[in-house]
Amino acid sequence: MNNNVRVRFAPSPTGPLHIGGVRTALFNYLFAKKHGGSFVLRIEDTDQNRYVEGAEQYIIDALNWCGIPFDEGPGKNGAFGPYRQSERKELYKKYAEELVEKGKAYYAFDTAEKLEFHRKDHEEKGKTFIYNWHNREKLSNSLALTAEETQARIAAGEDHVIRFKTPHEDTIKLHDLIRGDISIDASLLDDKVLFKSDGMPTYHLANIVDDHLMEITHVIRGEEWLPSLALHCQLYEAFGWKPPVFAHLPLIMKPTGKGKLSKRDGEKMGFPVFPLSWGSSVGYKEAGYFPEAVVNFLAMLGWNSSDDKELYTLEELINAFTLERVHNSGARFDPDKTKWYNHQYLQQKSDEELAALFYPIVQKKNVSLASHMDLSYVTKVVSMVKERANFVNDLWDLSSYFFETPDEYEEKPVKKQWKENTPTILGNLQKVLEAAPSFESANLETVVKDWIVAEELSFGMVMAPLRLVIVGDLKGPHLFDILALIGKEESVKRIRIAIDRLT
């Protein structure tokens, strides 16, 4: 593949970027980087009625957070700008007129009311109204009018659109890198509007003109654009331009596997569908996902490598990615698998990295931290609890007892473990701990276990109640590691408080 591969991601700024859009951007980015090419961001904002303030910046921020920034686009002008379609609108009319001059398009004056009348009339007869070669010469357009009449109506300022004169005689043969060869009966296609009466192009015209002028070599986009492929290829032919290579990515399906993943699925099942928060919708970033984990799980939705590996750095993805290994059927979204990915990335981080991320959370918890509970203390805590965490936010629930004395005890274990003789046993154990010459974990374990044996007690009578009073529950890492870290004074205090509270 030569070095002038150019791909584009062309979202509309009509709201937040859906995770499916992020995956389209990712696959474009991976393909561009693999072939030493350029990844272009183009903002398709010709539909000003649907424009949403802040959406364009959101798209840029999302790509940057994921670590897949664009090479050219708004604010990063290359030789092919401007990169917002609203700033290119002067371009499109010329190309629409060029097609009229070539006899490949025509002016149409049909009013919305007239078209609605034809639709209803057809419906009543059990037919579907399609504006195309069947009826175009019986309708109100420049094919049915003389050149003089047409010019007179335009000169009079009459509303009109420019429609594509769809060549209908042949079967259209198309090729898609993911779906292979496709044949379409051209006689079933309608004459799409290319240029609207408000002076703006439709998506189809602007898209083709921009891809051509920006020298896009590969169009990698969602499956929902597959029905437009025939029209787009016919437009390239009408202009006499070489079309790019097309690849249509599979849909991301709901967790049930039925239907396309939507914002509603996320709300209902409690998982994000946007990369960053938008309004009341929490994004992957704010939910505590690492960007590397998001990129990794998105790459595996609809693509797999030849070696069944699941964890990839961005660099490894670039090297391994090929469009030939993208699936042509929908990819089921699995919220549990996304958590699994985040868990893997969390485990790969050093205790120091995680402690730096966790420390601000600890400080916000309004607990009165002892002077020794500094970053190195938090690092030790993290090393003991991190294997159970999927997110940095999980670390507090797993470790709060390292920072504050439990003020309540889980009801079930209390009922089960707190026997009549427990206060006496723990009172005696308290004295053993106070007298321990060293409070290192291994030494404590030896001292306590020797005492249990000497007192002819069972381990169950001592160890479970001891964990309950130290932690507040029967959870947590190795008990003697906890005691060693919180220290002698705090350990003894917790035994004393629990005996008072639970007796």
Side-chain angles (χ1 to χ4, degrees), residues 1-2 4-11 20-21 23-25 27-28 30-32 35 37 40 42 44 92 95-96 98-99 102-105 128 130-134 136 162-194 201-252 260 302-303 321-331:
M1 187 88 49
N2 59 19
N4 60 357
V5 161
R6 290 177 59 78
V7 299
R8 50 68 166 180
F9 175 54
R23 187 198 58 175
T24 300
F27 282 16
N28 274 280
L30 295 176
F31 186 79
H35 298 295
V40 178
R42 185 170 74 226
E44 304 214 329
Y92 306 115
Y95 287 98
E98 183 188 315
L99 289 181
K102 284 179 162 181
K104 309 283 188 182
T128 304
I130 301 177
Y131 200 129
N132 69 2
W133 64 280
H134 277 107
R136 56 168 82 117
I162 296 177
R163 283 183 182 271
F164 185 51
K165 189 179 174 188
T166 306
H168 66 277
E169 299 85 356
D170 305 315
T171 297
I172 308 169
K173 299 214 179 308
L174 308 166
H175 184 74
D176 182 278
L177 274 186
I178 294 166
R179 284 140 215 289
D181 293 323
I182 304 165
S183 293
I184 289 170
D185 181 353
S187 69
L188 303 175
L189 301 175
D190 60 332
D191 288 358
K192 284 270 189 284
V193 173
L194 300 179
T202 59
Y203 167 82
H204 303 292
L205 178 70
N207 184 285
I208 296 307
V209 169
D210 286 344
D211 282 349
H212 173 71
L213 295 178
M214 292 183 178
E215 293 179 17
I216 299 304
T217 59
H218 295 75
V219 169
I220 304 165
R221 59 188 180 184
E223 186 180 299
E224 61 271 28
W225 296 112
L226 204 50
S228 305
L229 181 58
L231 169 65
H232 292 178
C233 288
Q234 284 185 323
L235 280 169
Y236 275 103
E237 204 170 306
F239 280 117
W241 297 337
K242 183 183 176 217
V245 175
F246 288 95
H248 289 83
L249 306 174
L251 294 175
I252 298 179
K260 187 177 166 186
W303 171 85
F321 185 77
T322 64
L323 286 169
E324 285 70 25
R325 294 199 68 85
V326 174
H327 312 162
N328 59 13
S329 56

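For clarity, every value in this text was computed on a predicted model and none was experimentally measured.
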Does the side chain of Lys242 reach to within under 4.5 Å of the side chain of Tyr236, using non-hydrogen atoms?
no
How far does CH2 of Trp225 sit from CG of Leu249, to the nearest 0.5 angstrom?
13.5 Å
Roughly how far, to the nearest 0.5 Å, is the CG atom of Leu174 from the OG atom of Ser183?
7.5 Å
What one should report as the nearest heavy-atom pair of Ala186 and Pro167 is CB-O, 3.4 Å
Short side-chain to backbone donor-acceptor contact, Trp133 and Ser187, under 3.5 Å:
yes
Is Arg221 close to Asn207 at the side-chain level, that is, under 4.5 Å between some pair of heavy atoms?
yes
Non-hydrogen atoms of Thr202 and Val193 that approach each other most closely
OG1-O, 2.9 Å
From Glu44 CD over to Phe9 CZ, what is the distance, rounded to the nearest 0.5 angstrom?
10.0 Å
Considering all heavy atoms, the nearest Gly302-Ala331 contact:
N-CB, 3.5 Å
Please lay out, stage by stage, how Ile208 and Trp241 fare under the test side chain to side chain contact (heavy atoms under 4.5 Å, CB included).
CA-CA 10 Å; Ile208 296 307; Trp241 297 337; 4.0 Å; yes
Quick check, are the ring centers of His35 and Phe31 under 6.0 angstrom apart?
yes
Rounded to the nearest 0.5 Å, how far does CD1 of Ile216 lie from CZ of Arg6?
5.0 Å
Heavy-atom neighbours of Glu237 CD exceed 12 at 6.0 Å:
no
Which word best sums up how the rings of Tyr203 and His232 line up, parallel for under 30°, tilted for 30 to 60°, or perpendicular for over 60°?
tilted
Do any N or O atoms from the side chain of Lys102 and from the backbone of Ala238 form a donor-acceptor pair under 3.5 angstrom?
yes
Between CH2 on residue Trp303 and CG on residue Leu323, distance to nearest 0.5 Å:
11.0 Å
Please report the shortest heavy-atom distance between Pro244 and His218, naming the atom on each side.
CB-N, 4.1 Å
List the steps and the verdict of side chain to side chain contact (heavy atoms under 4.5 Å, CB included) for Asn132 and Thr166.
CA-CA 7 Å; Asn132 69 2; Thr166 306; 5.8 Å; no
Closest non-hydrogen atoms of Ala206 and Pro201, given as atom of the first, atom of the second and distance, are CB-CG, 3.9 Å
Give a yes or no on whether a salt bridge exists between Arg179 and Glu223, defined as a side-chain N under 4.0 angstrom from a carboxylate O.
yes
Is there a side chain to side chain contact (heavy atoms under 4.5 Å, CB included) between Phe246 and Leu226? Walk through the geometry before answering.
CA-CA 10 Å; Phe246 288 95; Leu226 204 50; over 6 Å; no
Are any side-chain N or O atoms of Asn28 and backbone N or O atoms of Ile220, one a donor and one an acceptor, separated by less than 3.5 Å?
yes
Answer yes or no: is there a side-chain heavy-atom contact under 4.5 Å between Met214 and Arg8?
no
Check Leu189, Leu205, Leu235 against Phe164 for a side-chain contact (heavy atoms from CB on, under 4.5 Å) and give me the one that passes.
Leu235
Return yes if some donor-acceptor pair links the side-chain N/O of Asp190 with the main-chain N/O of Lys192 below 3.5 Å, else return no.
no
Decide yes or no for Glu215 and Val40: does some side-chain heavy atom of the first lie under 4.5 Å from some side-chain heavy atom of the second?
no
Asp210 CG to Tyr92 OH distance, which is reported to the nearest 0.5 Å
3.5 Å
Gln234 vs Ile184, test: side chain to side chain contact (heavy atoms under 4.5 Å, CB included). Steps then yes/no.
CA-CA 12 Å; Gln234 284 185 323; Ile184 289 170; over 6 Å; no
Ignoring hydrogens, what is the shortest heavy-atom contact between Arg163 and Asp191? Give both atom names and the distance.
NH1-O, 2.8 Å
Arg325 NZ/CZ over Phe321 ring centroid, <6.0 Å and within 45° of normal:
no
